[in-house]
Amino acid sequence: MSSEPRWEAAQVAIRQGLATSALRLGVENPEAWIEVMEPTEEGHGDLTSNAAFRLTKTLKQSPATIARRLIDHWPELPMIERVEVAGPGFINFWLDTHWLADVLPQAVAEADAYGCRQSRGERVLIEFVSANPTGPLVVVNGRAAALGDSLARILQANGYAVDREFYVNDAGQQLAKLGQAMAIRLRELAGEPLPDPWPEGVYPGAYVRDLAEQYRELTPDWAEHALHPERREALGAFCAERLRRQQEQELERFGVHFDRWFSERALREAGAPERMVAELEARGVLYRQDGAVWFRSEQFGDQKDYVVVKSDGEFTYVVPDAAYHTHKFERGYDIIIDLLGPDHHGYKRRMQAMMKALGLFGERLEIQIIQLVRLLRGGQVVRMSKRGGDFVTLAELIEEVGVDPARWFFLERSADTPMDFDLDLAQMKTQDNPVYYVQYAGARIHSVLRGYRGLAAKDPENVDPAEYREPLEQALIRDVARFPAVLRRAGEQRAPQVIVRYLSEIAGHFHAFYRQHRILEEQPSVRRARIELIRAVLVVIGQGMGAIGVSVPERM
RNA sequence: GCGCCCGUAGCUCAGCGGAUAGAGCGCUUGACUACGAAUCAAGAGGUCGCAGGUUCAAGUCCUGCCGGGCGCACCA
């Protein structure tokens, strides 16, 4: 249950005020022209509008003149302290600090509901990570995990019911290769030499040997199994299940919990791919050529047609994938989000084309590509390749830099930008990591609140907003008031980094305030007001950090 | 060759068509007998890859180049 966010209320009131003025000046349908936003620069008010510029054509006057006329009969509103025309015609609004200060007790009272919105009855499905169960998770999976989980948290705070789902590719070719690798490792355990050369496409990673050892413990006639090609799939399935569980543990350790692990094998066993092909056939979007079955992808906006059933009768991977996506739609989600890895560029159009061919709504399916993560060590790019068996795992990354900094680092950058992750920097210079900057602000507030316990009885019960005189106090009040709007924007733009930026900002204001002003050593009335302020700041830091899955320790 | 993403301070990156383009790191100079110096204050540092176009207004939108990354299989 959350009350009216003051910042947004002010925005709405200003828009209405400007619309009323514009109407009086003879503008038809003024709402369409009026925009109220946060200025990029300090000194340009709390909220600003460019309405005058946009009305020059209609009113045939200079923006400065229009701006003056728009605020000519500006009504007295308790929330607005000052209105001014600035520059070539901007209208800047300063909100009344005392009016805004009401958000402080509100934030403190609402605590972990502050900034959140009531349920809107819409369901969201986010599929992310979905790494193949053929090895440990790697660094880019960590980026996907951090982004998907944070997005889920942000959307939940915005009133959506969100499910996190992991699609497990526990079928098909990769499983066979995994089984083959397993057979090789079992024979190695039996004392046979490793094949030379190593077979093409078979995972050479040493982790398969660990799995082989586990298999030996559990299976009396393990040596037999290594020799029978028809056992390969079962061996692969054994590995896949083990590796999937290992991935799940690593993700839990990273603070990411999936609501559902959706099995491709189950989908196949239920005959979904066959039904998918039949459905496409019935819609007349398939044709036969060179012994294979092709999908008319070009008709639906893709670059070229592609094969759905190979000449050997096997499905290509898009068929079960399309069946899976259809299944998502059938489950009734209002928004379906896929976060895909950087090796799925071509896949996006392909899946959208197929959904279009099936008559499913394209807008409800959002596909976001997460770009590459390059690791730097000693100033050199660390080359990673799963097939080459040479990679840095997510577990190793967490070991080196810790969960909180790793998450922060991933979320700091927008998903569609390839990023460099400098391991040396993250490891050696942890004190420079911005995540500690925000956590330190939280720890300082906790420390002050501990010190306040013995003093609280001497202070007045109620806060007098007139005590907020310092610019930094007022900046913090604005930060607290702005938070619901920030959370909302992060959700609309599907951009956790909006929260990250905000947190750095409010922490900066807090540290400056803390160095410059005393809290506990002030007069009771001032002290009471400042305690209320920092309690609210702590709530907001907690809410923001919660939205990106980073902790706020009481001591550090 | 085609498609997607990216070129902004020495480095890593922000920047919902709006005002004098920002932050962190690094560099220079200052601040603890004071609630936690993992902090704060001040300074230096830019032809926003290049060229056109749209607009009252372009780092942001459009077109073409240049540079980098990643994709373009009867692989997943």
Side-chain angles (χ1 to χ4, degrees), chain A residues 35 37-41 43-44 48-50 52-54 56-57 62-63 86-90 92 132 134 169 171-175 177 201 264 289-294 302-304 306-318 320-321 341-350 369 371-372 374 376 409 412-422 425 429-437 439-441 443-452 455 489 492-493 495 497-498 500-501 504-505 507-508 510-522 527 530 534 555-556:
Chain A
E35 210 181 331
M37 56 220 166
E38 293 181 33
T40 42
E41 214 152 321
H44 293 161
T48 185
S49 177
N50 58 8
F53 292 91
R54 313 192 69 177
T56 46
K57 280 228 175 93
S62 77
F90 293 97
N92 297 337
N132 290 324
T134 53
N169 296 110
Q173 273 302 307
Q174 303 210 56
L175 212 61
K177 298 280 189 199
E264 179 185 350
Q289 189 185 304
D290 305 330
V293 180
W294 297 69
D302 200 5
Q303 281 191 281
K304 51 183 172 187
Y306 57 91
V307 171
V308 290
V309 185
K310 296 192 270 181
S311 52
D312 64 3
E314 290 278 316
F315 300 114
T316 57
Y317 72 98
V318 275
D321 270 14
D343 50 340
H344 285 74
H345 270 112
Y347 180 92
K348 183 172 171 174
R349 277 171 192 247
R350 205 174 289 188
I369 302 287
Q371 292 291 340
L372 268 203
R374 280 199 317 181
L376 301 178
F409 209 99
E412 209 174 20
R413 292 151 173 79
S414 57
D416 57 7
T417 310
M419 66 174 279
D420 287 341
F421 200 122
D422 190 328
L425 199 75
K429 306 196 145 195
T430 45
Q431 72 276 18
D432 291 329
N433 196 314
V435 68
Y436 296 120
Y437 185 78
Q439 288 182 326
Y440 188 50
R444 273 179 152 176
I445 293 173
H446 273 114
S447 173
V448 175
L449 293 178
R450 281 194 294 272
Y452 184 64
L455 302 167
R489 194 152 75 85
E492 281 167 357
Q493 297 185 358
Q497 42 130 350
V498 167
V500 172
R501 300 275 148 190
S504 296
E505 236 173 85
F510 172 75
H511 286 307
F513 166 73
Y514 182 88
R515 289 294 291 182
Q516 207 169 315
H517 304 290
R518 308 269 84 203
I519 298 168
L520 297 181
E521 293 152 23
E522 289 288 349
R527 176 167 63 197
R530 290 188 176 169
I534 65 170
R555 299 172 202 267
M556 49 191 292

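In what follows, chains carry the letters A, B, and so on, assigned in the order in which the sequence lines appear, proteins first and then strands, with residues in each chain numbered from 1.
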B/S/- contact track for nucleotides 55-64 of chain B, protein heavy atom under 4.0 Å
-B--------

Regarding Asn92(A), tell me which of base, sugar-phosphate or nothing describes its non-hydrogen contacts under 4.0 Å with the strands shown.
base

Going by distance alone, is a donor N or O of one side chain under 3.5 Å from an acceptor N or O of the other, for Gln371(A) and Asp416(A)?
no

How are the rings of Phe53(A) and Phe90(A) set relative to one another: parallel (under 30°), tilted (30 to 60°) or perpendicular (over 60°)?
tilted

Closest to the Ala86(A) side chain: A19(B), A38(B), C74(B)?
A19(B)

Between C56(B) and C40(B), how many Å separate the two P atoms, rounded to a whole number?
44 Å

Separation between CG (Leu449(A)) and CZ (Arg444(A)), nearest 0.5 Å, reads 14.0 Å

is_close_aromatic(Tyr436(A), Tyr440(A)), centroid dist under 6.0 Å
no

Go through it in stages, so that I can follow the logic: the residues are Asp420(A) and Arg374(A), the test is salt bridge (Lys or Arg N to Asp or Glu O under 4.0 Å), and I'd like the CA-CA distance, side-chain angles, deciding distance and then a yes or no.
CA-CA 5 Å; Asp420(A) 287 341; Arg374(A) 280 199 317 181; 3.0 Å; yes

Would Arg527(A) pass as a cation-pi partner of Tyr452(A), given that its NZ or CZ must be under 6.0 Å from the six-membered ring centre and within 45 degrees of the axis?
no

Considering only atom P, compute the distance from A42(B) to G67(B) and round it to an integer number of Å.
43 Å

With a 4.0 Å cut-off on heavy atoms, is Glu38(A) in touch with a base, just the backbone sugar-phosphate, or nothing at all?
base

Name the residue closer to the 5' end of RNA chain B, choosing between Arg555(A) and Pro88(A) according to the nucleotide with the nearest heavy atom.
Pro88(A)

Per Pro39(A) side chain, nearest of listed nucleotides A19(B), C74(B), G36(B)
A19(B)

Heavy atoms only, 4.0 Å cut-off, all strands: where does His517(A) land among base, sugar-phosphate and nothing?
base

Side-chain donor-acceptor pair present, Tyr317(A), Asn169(A), cut-off under 3.5 Å
no

How many whole angstroms separate atom CE of Met37(A) from atom P of G17(B)?
10 Å

Touch class at under 4.0 angstrom, heavy-atom based, for Thr40(A) against every strand present
sugar-phosphate

Euclidean distance for C1', A23(B) against A9(B) (whole angstrom)
11 Å

What does His511(A) touch in the nucleic acid at a heavy-atom separation under 4.0 angstrom: a base, only the sugar-phosphate, or nothing?
sugar-phosphate

Hey, which of these two, Val307(A) or Gln497(A), hits RNA chain B nearer its 5' end, going by closest nucleotide?
Gln497(A)

Grab the CZ-P distance between Arg374(A) and G68(B) for me, whole Å please.
13 Å

What nucleotide among A31(B), A19(B), C35(B) has an atom nearest to a side-chain atom of Arg515(A)?
A31(B)

Please answer whether G18(B) and Phe90(A) are stacked, defined here as ring centres separated by less than 5.5 Å and planes angled under 30°.
no

Select base, sugar-phosphate, or nothing to describe what Asp321(A) touches, counting heavy atoms under 4.0 Å on all strands.
nothing

Tell me, with the steps shown, if Phe510(A) and Ile445(A) meet side chain to side chain contact (heavy atoms under 4.5 Å, CB included).
CA-CA 9 Å; Phe510(A) 172 75; Ile445(A) 293 173; 3.4 Å; yes

When you get a sec, tell me which of C74(B), A34(B), A38(B) is the closest nucleotide to the side chain of Arg518(A)?
A34(B)

Donor-acceptor contact below 3.5 Å, side chain Thr48(A) vs main chain Met37(A):
no

Can you measure Asn169(A) atom CG to C75(B) atom C1' for me and round it to whole angstrom units?
12 Å

At under 4.0 Å between heavy atoms, what does Lys304(A) touch on the DNA or RNA strands: base, sugar-phosphate, or nothing?
sugar-phosphate

When the C1' atoms of G69(B) and C61(B) are considered, how many whole Å apart are they?
24 Å

How far apart are the C-alpha atoms of Tyr514(A) and Val448(A), what are their side-chain angles, what is the distance that settles it, and do they pass the side chain to side chain contact (heavy atoms under 4.5 Å, CB included) test?
CA-CA 10 Å; Tyr514(A) 182 88; Val448(A) 175; 3.8 Å; yes

Any chance you could encode RNA chain B as dot-bracket? Rule is Watson-Crick or G-U wobble with both distances under 3.5 Å; [ ] for pairs crossing earlier ones, | for another strand.
(((((((..((((....[...)))).(((((.......))))).....(((((..]....))))))))))))....

Using atom C1' of each nucleotide, how far apart are G49(B) and A41(B) to the nearest Å?
36 Å

Determine the Euclidean distance between corresponding P atoms of A73(B) and G17(B); express it in Å to zero decimal places.
35 Å

Which part of the nucleic acid, if any, lies within contact of Gln516(A), taking any heavy atom under 4.0 Å across all strands shown: a base, the sugar-phosphate backbone alone, or nothing?
nothing

Of the listed nucleotides G36(B), A34(B), U39(B), the one nearest the side chain of Tyr437(A):
U39(B)

Short question: side chain of Thr316(A), backbone of Val309(A) - any donor-acceptor pair under 3.5 Å?
no

I'd like the P distance from C13(B) over to U29(B), given in whole Å.
29 Å

Identify which nucleotide among A38(B), C35(B), C74(B) has an atom closest to any side-chain atom of Ala292(A), counting heavy atoms from C-beta outward.
C74(B)

Presence of donor-acceptor pair under 3.5 Å, side chain of Thr48(A) and base of A19(B):
yes

If the C1' atom of U47(B) is compared with that of A58(B), how far apart are they to the nearest Å?
16 Å

Presence of donor-acceptor pair under 3.5 Å, side chain of Tyr436(A) and base of A38(B):
no

Suppose we call a contact any N or O donor and acceptor under 3.5 Å apart; does that hold for the side chain of Ser311(A) and the base of C74(B)?
yes

I need a per-nucleotide contact map over nucleotides 1-13 of chain B, read 5' to 3'. Cutoff is protein heavy atoms under 4.0 Å; write B for the base, S for backbone only, - otherwise.
-SBBSS-----SS

